[in-house]
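Here is the structure we will look at, set down as structure tokens.
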Amino acid sequence: MTELLPCGWAREALIPRLALHVLTDRQWSRGRDMLTVVAAALAGGATIIQLRDKQATTHTLVEEGLALRELTRRHGALLIVNDRVDVALAVDADGAHVGQDDMPAALARKLLGPGRILGVSAGNLEEAAQAVAGGADYLGVGPIYATRGKADAGPATGPELLRAISARYRVPLVAIGGITAANTPEVIAAGACGVAVITAVVAAEDITAAARAIAEQVRSGQRGLRRA
């Protein structure tokens, strides 16, 4: 029997869409505008774009979100809005992602309704349990490695946390924090179905090539697991 996630997606259908999650970040984009960065990431195989800008006004976020909505649809990618559930609804995003200091997962789930995706950050087993109970469709687990992309990310957990959460819950896991093409196979082997990146893609000189390299490592890691 096909298992449905809280958002209504069948788990088998959502997991491939979580493969390469690229977060927007004005600070790390080397002066390039957001649409240029995102278009290049999508060309390299990004499957989700997460609109993340803690400094932007609501007006700017909505304008950017609407532009990203059009761009992601053209590429068949998902659009998730970080933190701001109201903006996610306003721009008809596929869902929202909330951190531990953002709106509680259960309330975000209630506002998003059953038709949109809810991602929740988890940095330990307790946070993972609360996120699952709150109706998360996937967990952003980390920071797995030391990261320069998020100043308040906290200490690295290592891939052991992915193994511990995947052993307890069937909710899809996305590894975040210090992810590169080189360490992607390790986190896939530890239980992640995808990765989320900021600097590894948006700060790259060749954004498309950087995204393509990580996307290929995700696919390679998944092929290795199927053969095992």
Side-chain angles (χ1 to χ4, degrees), residues 9 12-53 56 60-82 84 87-88 91-97 116-117 119 137-138 140 142 144-145 147-150 172-188 192-224:
W9 284 64
E12 293 76 11
L14 181 60
I15 286 177
R17 309 294 296 275
L18 298 174
L20 177 53
H21 199 124
V22 175
L23 281 65
T24 65
D25 192 300
R26 209 179 304 274
Q27 176 188 352
W28 292 103
S29 296
R30 303 172 61 164
R32 298 168 292 201
D33 71 84
M34 187 185 62
L35 287 180
T36 298
V37 170
V38 169
L42 290 168
T47 54
I48 293 189
I49 299 300
Q50 184 180 135
L51 173 58
R52 178 180 180 273
D53 190 334
T60 298
L61 277 175
V62 169
E63 280 193 336
E64 292 179 342
L66 289 171
L68 289 182
R69 176 68 289 180
E70 182 179 346
L71 187 59
T72 49
R73 278 189 174 137
R74 274 208 306 269
H75 287 265
L78 299 176
L79 174 64
I80 299 290
V81 177
N82 180 276
R84 297 290 302 271
V87 174
V91 304
D92 194 24
D94 296 292
H97 185 102
R116 298 185 199 273
I117 298 165
D137 298 302
Y138 73 87
I144 302 298
Y145 307 104
T147 176
R148 56 181 181 146
K150 193 170 184 290
L173 308 181
V174 175
I176 188 168
I179 303 299
T180 65
N183 60 33
T184 289
E186 183 176 35
V187 298
I188 297 298
C193 66
V195 298
V197 298
I198 303 177
T199 59
V201 169
V202 304
E205 182 173 350
D206 187 335
I207 292 169
T208 298
R212 184 175 293 125
I214 296 174
E216 175 50 35
Q217 289 301 317
V218 172
R219 289 190 293 269
S220 176
Q222 291 169 343
R223 286 195 298 268

Minimum heavy-atom distance between [X] and [Y], given as atom pair plus value:
{"X": "Ala77", "Y": "Ala46", "answer": "CB-O, 4.1 Å"}
{"X": "Ala96", "Y": "Ala88", "answer": "CB-CB, 4.1 Å"}
{"X": "Val218", "Y": "Ala19", "answer": "CG2-O, 3.8 Å"}
{"X": "Gly178", "Y": "Thr147", "answer": "N-CB, 3.6 Å"}
{"X": "Ile48", "Y": "Arg17", "answer": "CG1-O, 3.2 Å"}
{"X": "Ala211", "Y": "Leu20", "answer": "O-CD2, 3.4 Å"}

### Task
Any chance you could lay out the side-chain contact (heavy atoms from CB on, under 4.5 Å) test for Arg74 and Leu71, step after step, and finish with the verdict?
CA-CA 5 Å; Arg74 274 208 306 269; Leu71 187 59; 3.2 Å; yes
What's the spacing between [X] [atom1] and [Y] [atom2] if we round to 0.5 Å?
{"X": "Leu51", "Y": "Met34", "atom1": "CG", "atom2": "CE", "result": "6.0 Å"}
{"X": "Leu173", "Y": "Ile188", "atom1": "CG", "atom2": "CD1", "result": "10.0 Å"}
{"X": "Glu63", "Y": "Leu68", "atom1": "CD", "atom2": "CG", "result": "12.0 Å"}
{"X": "Thr184", "Y": "Gln217", "atom1": "OG1", "atom2": "CD", "result": "6.5 Å"}

### Message
Just to verify, what does Arg219 make a salt bridge (Lys or Arg N to Asp or Glu O under 4.0 Å) with, not counting sequence neighbours?
### Response
Glu216
### Arg30: partners by salt bridge (Lys or Arg N to Asp or Glu O under 4.0 Å), with sequence neighbours left out
none
### Task
List the steps and the verdict of side-chain contact (heavy atoms from CB on, under 4.5 Å) for Val38 and Glu64.
CA-CA 11 Å; Val38 169; Glu64 292 179 342; over 6 Å; no
### Pair Val37-Thr24, side-chain contact (heavy atoms from CB on, under 4.5 Å): steps then yes or no
CA-CA 8 Å; Val37 170; Thr24 65; over 6 Å; no
Would you confirm whether [X], through its side chain, and [Y], through its main-chain N or O, come within 3.5 Å as a donor-acceptor pair?
{"X": "Asp94", "Y": "Ile80", "result": "no"}
{"X": "Arg116", "Y": "Ala93", "result": "yes"}
{"X": "Thr208", "Y": "Gly44", "result": "no"}
{"X": "Asp53", "Y": "Leu61", "result": "no"}

### Message
Just to verify, which of Val187, Asn183, Val195 counts as forming a side-chain contact (heavy atoms from CB on, under 4.5 Å) with Ile144?
### Response
Val187
### Summary
The single option from Val201, Ile198, Val197 that satisfies side-chain contact (heavy atoms from CB on, under 4.5 Å) with Ile179 is Val197
### Message
Test side-chain contact (heavy atoms from CB on, under 4.5 Å) on Ile176 and Leu23; report intermediate values, then the result.
### Response
CA-CA 10 Å; Ile176 188 168; Leu23 281 65; 4.3 Å; yes
### Query
What orientation do His21 and His97 show, parallel under 30°, tilted 30 to 60°, or perpendicular over 60°?
perpendicular
### Summary
So salt bridge (charged side-chain N to carboxylate O under 4.0 Å, His left out) across residues 199-212, not counting sequence neighbours, yields none
### Task
Report yes if some heavy atom in the side chain of Thr47 is under 4.5 Å from a heavy atom in the side chain of Leu78; otherwise report no.
no
